[in-house]
K.L.:
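Below: one structure in C-alpha cells.
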Amino acid sequence: MAAVNHPYLPRSLKLPHFIQNTRSTAEILTILSISSGIIVIIAWILSGRRQEPFCWKRRLVLVWFMLCGFIHLVLEGYFAAYHAVLAGHSSVLGEMWKEYSLCDSRYIGSDAFVVCMETITAVIDGPLAFVTFAAFMTGNNYRYALQLILSLCQLYGDVLYFGTAYKEGFVHGPTDSPLYFCFYFCFLNAIWIVVPILLIIDSVKHIANCQRVSDFYVDEYNRKFALTNSNHHKIH
C-alpha cells in the first residue's frame, strides 16, 4: 500500500496532488478574521448612512447579510470552482480550505454532496445575501420575503451538512479535537443554524403583521362597500 502523504481522515483518502500548507493555522485564521472584520466595518458604516436610521439590531442583521454574501460568494465560490484540484493549491483561499478540510475531509476529497451544496450556496445564497442587504437599505417591499428565502436556504443546507456527516459517523475529521471538531465543525457551522432560525422567525412576524394590516383594510373596505350598496338599494 502506498504511503499516505496527507493529514486528513480517513487515512484511506487518496490525494496524490496534495501540497502541504505554507501558512500556519494562526496565519490563516488571522487573514480570515481581518478580511471578515473589514466586511463587518463596511456593512456597519453603510447601514448607518440611511436617511431613516435602523436600530442597532437591524444593523447587525445587515452586517450578517453582507458577511454572508462575502463568505458564500468568495470563499465558497472558490471551493465550487477549484474543489477538484484544491489539495494542490497554495493560494490564501486554497490554504484556508485545506485548513478547514482537517475537520471535514469531504471538501479536500470533492465529496459529491458538499460540492453540490457549496455550488448552490455560492451561486444562489451569495448574490441573494447582497440583494437582501440592498432591499433593506432601499426599503424594498420584498425585503422580509428575501430575508425569509435566504435564511431558509442557509438553514436547509446546514441541516443537511450536519445530517450527512452524522449518518456517515463523523469519519471525515477528528471528533476529539477542540479546534477542528468543536470550533471549526460544530461552532462555526452552528452559526448558520441559529441565526437563520432567528431571522426566519423575524421574517414571519413582519410578514404576518403586514398581512394583518392588509386584512383589516380589506375588511373595512368590504364593510363600507356593503353598507354603501345597502343604502343604495334602500333609496331605490
K.L.:
Hey, could you give me the CD/CD1 distance between Q154 and I124, rounded to the nearest 0.5 Å?
P.N.:
12.0 Å
K.L.:
Which of these passes side-chain contact (heavy atoms from CB on, under 4.5 Å) with F133: T138, L62, V61, L67?
P.N.:
L62
K.L.:
Can you find a heavy atom in the side chain of V63 that is under 4.5 Å from one in the side chain of R59?
P.N.:
no
K.L.:
Which pair of heavy atoms, one from P196 and one from S151, lies closest together, and at what distance?
P.N.:
CB-O, 3.5 Å
K.L.:
Quick check: closest heavy atoms across M117 and G157, and the distance to 0.1 Å?
P.N.:
SD-O, 3.4 Å
K.L.:
Out of curiosity, does V115 fall in the hydrophobic cluster containing F162 (side-chain heavy atoms, cut-off under 4.5 Å, transitive links)?
P.N.:
yes
K.L.:
Any side-chain heavy atom of I108 sitting closer than 4.5 Å to one from L13?
P.N.:
yes
K.L.:
Can you find a heavy atom in the side chain of L179 that is under 4.5 Å from one in the side chain of T25?
P.N.:
yes
K.L.:
Quick one: closest heavy-atom pair of D125 and C153, and the distance?
P.N.:
OD1-CB, 3.5 Å
K.L.:
Donor-acceptor check, side chain of R50 to backbone of M137, threshold 3.5 angstrom: yes or no?
P.N.:
yes
K.L.:
Which residue, V40, I71, L46, forms the side-chain contact (heavy atoms from CB on, under 4.5 Å) with M66?
P.N.:
L46
K.L.:
Please determine whether the number of non-hydrogen atoms from other residues, nucleotides or ligands lying under 6.0 Å from atom CZ of R49 exceeds 12.
P.N.:
no
K.L.:
Heavy atoms only: give me the nearest D158-A190 pair and the separation to one decimal.
P.N.:
OD2-N, 4.3 Å
K.L.:
May I ask you to test the L9-P174 pair for a side-chain heavy-atom distance under 4.5 Å?
P.N.:
yes
K.L.:
Any link between V123 and L73 through a network of hydrophobic side chains (Ile, Leu, Val, Met, Phe, Trp, Tyr) touching at under 4.5 Å?
P.N.:
no
K.L.:
Can you name the closest pair of heavy atoms from P127 and A122 and give their distance?
P.N.:
CD-O, 3.3 Å
K.L.:
Quick check against the 3.5 Å criterion: does S47 have a side-chain atom that pairs as donor or acceptor with the backbone of W44?
P.N.:
yes
K.L.:
Hey, what else clusters with Y217 if you join Ile, Leu, Val, Met, Phe, Trp, Tyr whenever side-chain heavy atoms sit under 4.5 Å?
P.N.:
V213, F216
K.L.:
In terms of hydrophobic clusters joined by side-chain contacts under 4.5 Å, are I201 and L199 together?
P.N.:
yes
K.L.:
Side chains of R143 and N140: do they bring a donor and an acceptor to under 3.5 Å?
P.N.:
no
K.L.:
Can a donor-acceptor pair be found, under 3.5 Å and without considering hydrogens, that links the side chain of T119 to the backbone of A80?
P.N.:
no
K.L.:
CZ/F181 to CG/D104 distance, rounded to the nearest 0.5 angstrom?
P.N.:
10.5 Å
K.L.:
Check for me, please, whether L152 and V159 land in the same ILVMFWY cluster - side-chain distances under 4.5 Å, paths through other members count.
P.N.:
yes
K.L.:
Pairing donors with acceptors under 3.5 angstrom, does anything connect the side chains of T121 and H72?
P.N.:
no
K.L.:
Decide if the gap between the ring center of Y78 and the ring center of Y82 is smaller than 6.0 angstrom.
P.N.:
yes
K.L.:
Any chain of hydrophobic side-chain contacts (each under 4.5 Å) joining W56 to L198?
P.N.:
no
K.L.:
Kindly state whether the ring of F130 and the ring of F70 have centres lying under 6.0 angstrom apart.
P.N.:
no
K.L.:
Does the pair R106 and Y8 meet the rule for a side-chain contact (heavy atoms from CB on, under 4.5 Å), with working shown?
P.N.:
CA-CA 10 Å; R106 290 182 293 177; Y8 304 101; over 6 Å; no
K.L.:
For this output row, return yes or no: ring centroids of F113 and Y161 closer than 6.0 angstrom.
P.N.:
no
K.L.:
Tell me which one of F185, Y184, F183 satisfies ring-ring contact (aromatic ring centres under 6.0 Å, His included) with F187.
P.N.:
F183
K.L.:
Rounded to the nearest 0.5 Å, how far does CD of E76 lie from CG of L93?
P.N.:
11.5 Å
K.L.:
Are the side chains of R23 and I31 in touch, meaning some heavy atoms are under 4.5 Å apart?
P.N.:
yes
K.L.:
Would you check if there is a donor-acceptor pair between the side chains of Q147 and D202 at a distance under 3.5 Å?
P.N.:
yes
K.L.:
Using atom types as modelled and distance alone, determine if a side-chain donor or acceptor of T30 lies under 3.5 Å from a backbone N or O of A26.
P.N.:
yes
K.L.:
Quick one: OG on S203 to CD1 on I149, what's the gap to the nearest 0.5 Å?
P.N.:
9.5 Å
K.L.:
Using the six-membered ring wherever Trp is involved, compare the ring planes of W64 and W192 and label them parallel, tilted or perpendicular (cut-offs 30° and 60°).
P.N.:
tilted
K.L.:
How many angstroms lie between atom CD of E95 and atom CD1 of I19, to the nearest 0.5 angstrom?
P.N.:
9.5 Å
K.L.:
Under a single-linkage rule joining Ile, Leu, Val, Met, Phe, Trp and Tyr whose side-chain heavy atoms are separated by less than 4.5 Å, which residues share a cluster with V171?
P.N.:
none
K.L.:
Which atoms form the tightest heavy-atom contact between A129 and L150, and what is the distance?
P.N.:
CA-CD2, 3.7 Å
K.L.:
Atom CE of M96 and atom CD of E27: how far apart are they, to the nearest 0.5 Å?
P.N.:
11.0 Å
K.L.:
With heavy-atom distances below 4.5 Å as the criterion, would you say the side chains of K98 and I28 are in contact?
P.N.:
no
K.L.:
How are the rings of Y100 and Y107 set relative to one another: parallel (under 30°), tilted (30 to 60°) or perpendicular (over 60°)?
P.N.:
perpendicular
K.L.:
Determine whether D111 and T164 satisfy the following criterion, side-chain contact (heavy atoms from CB on, under 4.5 Å), listing intermediate values before the conclusion.
P.N.:
CA-CA 11 Å; D111 176 81; T164 51; over 6 Å; no
